[in-house]
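Heavy atoms only: backbone and side chains are in, while hydrogens, waters and symmetry mates are out. Chain identifiers are assigned alphabetically (A, B, ...) following the order of the sequence lines, protein sequences preceding nucleic acid strands; residue numbering begins at 1 within each chain.
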There are 2 protein chains.
Amino acid sequence: MSDAEDPAAQSLRLLWGDVGPGRRGPKPRLSVAEIVAAGVAVADGEGLEAVSMQRVAAEVGYTTMSMYTYVPGKELLLELMLDAAVGEPPTLSAEGWRERVEEWTAQVQELFHRRPWMLRIAMRNPPMGPGQLAWFDRLLSAVLDSGLNGPEAMSLSMYLLSATRELARIHTDGAASPGIDEYISNLSTVVTPVRFPALYRAMSSDGFTDDVDEESLSRFGLRRLLDGVDAHVADGSGG
Amino acid sequence: MSDAEDPAAQSLRLLWGDVGPGRRGPKPRLSVAEIVAAGVAVADGEGLEAVSMQRVAAEVGYTTMSMYTYVPGKELLLELMLDAAVGEPPTLSAEGWRERVEEWTAQVQELFHRRPWMLRIAMRNPPMGPGQLAWFDRLLSAVLDSGLNGPEAMSLSMYLLSATRELARIHTDGAASPGIDEYISNLSTVVTPVRFPALYRAMSSDGFTDDVDEESLSRFGLRRLLDGVDAHVADGSGG
DNA sequence: ACGGAACTCTGTATGTCTTACAGTAATAAC
DNA sequence: GTTATTACTGTAAGACATACAGAGTTCCGT
């Protein structure tokens, strides 16, 4: 950590845990992993806003500045937390590829609900550490089984992940804020047929409930997406 | 702005521009709109990180604290900026509903590329001011023309918007950070067939280029989603 | 064995940030 | 014209990231 180093390279090295052996000074009494775990614990317990260098340092029992021995700054710490927080990727037990994709989706949703702070880390660099890649690999595996080729499966997996992630963010936005119900009902006051015709039409149609829960919202889109994959595969190869 | 007020109600009132007439003190020399516009200008020119109360105040030519006369805090200012920054919703000129959805998607992408800071505002409350709703209404209108019913069209529009937004975020993550190419090539070092089998398979298949551009990435997913809609509509009503 | 390089950890300090609070001036209601 | 209400200013408090210098620790080369 002494030499000036490309931030991207630094990010990679820390994410993938290269240590570099045979170092001269005193034995480190801490580790990057411990610090990252402490950060995750703070975020879990008190929210992302409570994660400060001082708070994390207090958590591990060292001074604030000693954190900088292990991690070059807060931003990278957050990246590392993100990758650590995903945990072990799920094992998909369902039979068909479709079912496995749905199973995967349910698992990420569960993760995002358990750790909503993951959805609110503002980053400037593309992270994709080992943890996130492992999850992504599981999804991609299921999607590849549909018969899509490599780039297609990649695109589709990214699309699916993106939608799921952002929907979870929107959902947890609402869950945390009080008065959300009031908010929505106030909103319907303002949705007039002249100003927002489509919205008005959709909201006054049969079977529209005010509270659109994430589960059903996400499911319909996902099903259509997978239907589209089926159609594409049937069209392209089988006939 | 004197009384204690529900933050959600405050949010709504400011987003929808209720002023409340007949006030007693001196005439306001500024307006919420001016302040928000200044914030947007700063974010456009110098990035979201440069947006501080002091910087915005300097932009409009008043003291930092005078901002708090109009806006209760920074977080709400960012919400207002988000809703203002979308601008006028696009007019969709294409014929078929599919083409109009694709046209809409291209327009949001353009918007997100032009103002990437919109994708990095961390919020705790659901915003959905008039600006965002207007955009959403246009999308929903096109989707409704497919034949989906209200809740279905709503779900699908949310799904589509979410995917598009998150893909844009990922893309602009990469675009801003230097050494991204190096990053990716380093990454492929670490993708071994034993650790990430699906990823390895997908990446070594034919026609895989290292740089997956957002355009094609997003397009494939979108097309499958719309195919799925076609299938669903044909299945449900027409026969 | 020993000098010094390299490293860990601490304490202090600086600059930036949000925002609370008190004060001053202006305006409209009564 | 008195008074409540509001706009705006100045100061300052408290949180925060992090630069820097120093003290102590360990290992390498000699």
Does B/S162 have any side chain to side chain donor-acceptor pair (under 3.5 Å) partners at least two apart in sequence or in another chain, and if so, which? none
Would you mind telling me which of C/dT19, D/dA7, C/dT8 lies closest to the side-chain atoms of A/P28? C/dT8
Can you measure B/M67 atom CE to D/dC8 atom P for me and round it to whole angstrom units? 8 Å
So B/S52, base contact, sugar-phosphate only, or nothing? Heavy-atom distance under 4.0 Å. sugar-phosphate
Whole angstroms only, please: what is the CG-P distance between A/L78 and D/dA17? 9 Å
Which pairs pass salt bridge (Lys or Arg N to Asp or Glu O under 4.0 Å) with one or both residues in residues 49-60 of chain A, sequence neighbours excluded? A/E46-A/R55, A/E49-B/R124, A/R55-A/E59
Enumerate the residues from residues 53-61 of chain B whose closest heavy atom to DNA chain C is under 4.0 Å, giving them by residue number; use none for an empty result. B/M53, B/Q54
Can you list, in residue-number order, the parts of residues 37-50 of chain A that come under 4.0 Å of DNA chain C, counting heavy atoms only? none
Whichever of B/Y62 and A/M65 has the more 5' nearest nucleotide on DNA chain D, that residue is B/Y62
For a quick test of reading the model: is some side-chain N or O of A/T63 closer than 4.0 Å to OP1 or OP2 of C/dT10? yes
With sequence neighbours excluded, tell me which residues meet side chain to side chain donor-acceptor pair (under 3.5 Å) with A/E110. A/R114
Residue pair B/V51/B/K27 against DNA chain C: nearer the 5' end by closest nucleotide is B/V51
Atom CG of A/L77 and atom C1' of D/dT18: how far apart are they, to the nearest Å? 14 Å
side-chain N/O A/S66 vs C/dT10 OP1/OP2, d < 4.0 Å: yes
To check you understand the geometry: which heavy-atom pair defines the closest contact between B/L133 and B/M128, and what is its length? CD2-SD, 3.5 Å
What residues form a side chain to side chain donor-acceptor pair (under 3.5 Å) with B/R120, not counting sequence neighbours? B/T172, B/D173
For B/S218, enumerate each residue passing the side chain to side chain donor-acceptor pair (under 3.5 Å) test, keeping only those at least two apart in sequence or located in another chain. B/Q109
Give the nucleotide from the list D/dA7, C/dA5, C/dT19 with an atom nearest to the side chain of A/R24. C/dA5
Would you say a side-chain N or O of A/R29 is under 4.0 Å from OP1 or OP2 of C/dT8? no
Partner residues of B/F196 under the ring pair (Phe, Tyr, Trp, His ring centres under 6.0 Å) criterion, sequence neighbours left out: none
Who pairs with A/A168 by side-chain contact (heavy atoms from CB on, under 4.5 Å), at least two apart in sequence or on another chain? A/F112, A/L119, A/E214
Which heavy-atom pair separates B/T164 from B/L160 by the least distance, and what is that distance? OG1-O, 2.7 Å
Nearest-nucleotide pick for B/T69, side chain only, options being D/dT26, D/dA7, C/dA28: D/dA7
Nucleotide nearest A/T64 when distance is taken to its side chain, options D/dT18, D/dT9, C/dA28: D/dT18
Using a cut-off of less than 4.0 Å, is there contact between a side-chain N or O of A/Y70 and OP1 or OP2 of C/dC9? yes
